[in-house]
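Worksheet: one structure, shown below.
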Amino acid sequence: MQHWLMKTEPDTFGIDDLARVKVEPWTGVRNYQARNFMRDQMKVGDRVLFYHSNATPPGVAGLAVVKRTGVVDATQFEPSSPYYDPGSKRDDPRWICVDVEFVEKLPRLIALDELRANPALDGMVLLQKGSRLSVQPVSAAHYKAVLAMAKKAAPKAKAAR
DNA sequence: GCCAACGTTGGC
DNA sequence: GCCAACGTTGGC
């Protein structure tokens, strides 16, 4: 089983939205590397860190699981969609995604700052400079380390001096 | 709103 | 196939 991190903007679709709908097709990814991870490597049952980007603060908000693979992203054929791709053919769709299922909302958000400060997460794709991939692999050790952080209280803010 | 980093497009 | 111009991502 592999582990992943998937980014989403909570203003558009966050962990509370996933909790409500339970299962969501991960449409709208238009980056080939991200698509390839979903299309070629994700397996049903893979665990997912659900990450809030463009948020205050950004961070890991919850957990999800891959429910179904080989899902054709319907938005590529919808001319009114911002994700419409006129170059994609119905009999050979370019954008394949997965269904993501809600597992849990973490007891607290693990902020990006806190992730960066944890030496156990050195090398995590998310933390690499310039990393923008919205679907990315996470090692089992890094996944575990994030879960461990969720169980502990948030570190206190540094006192002003 | 800014901007660094990265990806894509298209002329040549 | 190169690469400049442009668009997007996402933290700040």
Side-chain angles (χ1 to χ4, degrees), chain A residues 2-19 21 24-42 46-64 66 71-90 92-100 102 105-139 142-143 145-150 152 154-161:
Chain A
Q2 284 188 268
H3 302 80
W4 306 93
L5 180 145
M6 297 171 91
K7 293 181 187 172
T8 177
E9 304 199 6
D11 289 350
T12 307
F13 189 90
I15 190 69
D16 292 329
D17 298 298
L18 188 63
V21 302
E24 177 75 3
W26 212 247
T27 58
V29 171
R30 293 294 179 270
N31 171 284
Y32 287 103
Q33 210 181 340
R35 178 207 65 182
N36 292 348
F37 283 133
M38 289 197 288
R39 187 189 63 182
D40 305 334
Q41 291 192 239
M42 278 192 184
D46 280 0
R47 295 285 164 160
V48 176
L49 297 175
F50 197 89
Y51 180 87
H52 283 177
S53 61
N54 264 318
T56 315
V60 176
L63 305 179
V66 176
V71 177
V72 175
D73 181 338
T75 62
Q76 68 194 303
F77 300 121
E78 295 166 6
S80 62
S81 168
Y83 303 116
Y84 178 57
D85 181 356
S88 183
K89 302 185 197 113
R90 291 219 176 242
D92 184 21
R94 182 176 290 166
W95 304 107
I96 302 295
C97 63
V98 299
D99 282 354
V100 170
F102 178 75
K105 181 176 179 176
L106 292 181
R108 66 188 189 84
L109 183 116
I110 315 300
L112 180 59
D113 280 355
E114 211 183 319
L115 297 170
R116 282 194 203 288
N118 185 348
L121 298 180
D122 282 358
M124 197 174 174
V125 175
L126 179 75
L127 306 182
Q128 284 163 15
K129 189 177 177 181
S131 170
R132 297 188 320 190
L133 258 187
S134 64
V135 176
Q136 53 182 256
V138 172
S139 74
H142 287 165
Y143 184 87
V146 173
L147 291 198
M149 293 170 80
K152 292 182 191 162
K156 284 184 184 168
K158 293 227 169 73
R161 49 180 85 205

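Chain A is the first sequence line, chain B the second, and so forth, proteins listed ahead of strands; every chain is numbered from 1.
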Please tabulate, for the side chains in residues 115-133 of chain A, all donor-acceptor contacts under 3.5 angstrom to protein atoms that are two or more places apart in sequence or on a different chain.
| residue | atom | partner | partner atom | Å |
| --- | --- | --- | --- | --- |
| A:N118 | OD1 | A:A120 | N | 2.9 |
| A:Q128 | NE2 | A:G123 | O | 3.0 |
| A:S131 | OG | A:V125 | O | 2.9 |

Original post:
How does protein contact run along nucleotides 7-12 of chain C, one letter per nucleotide 5' to 3', with B for base contact, S for sugar-phosphate only, - for none, heavy atoms under 4.0 Å?
Top reply: BBBBBS

Original post:
Do A:D85 and A:W95 meet the criterion of a side-chain donor-acceptor pair at a distance under 3.5 Å?
Top reply: yes

Original post:
So, A:Q76 versus A:S88: side-chain donor-acceptor pair below 3.5 Å or not?
Top reply: yes

**OP:** Quick one: sort the A:H3 and A:Y143 rings into parallel, tilted or perpendicular, breaks at 30° and 60°.
**Re:** tilted

**OP:** With sequence neighbours excluded, tell me which residues meet side chain to side chain contact (heavy atoms under 4.5 Å, CB included) with A:T27.
**Re:** A:P25, A:D73, A:T75, A:C97

Subject >> Protein-nucleotide distance (A:Q33, atom CD; B:dA5, atom P), rounded to Å >> reply: 18 Å

Original post:
Which residue lies toward the 5' end of DNA chain B, A:K129 or A:Y32, if each is placed at its nearest nucleotide?
Top reply: A:K129

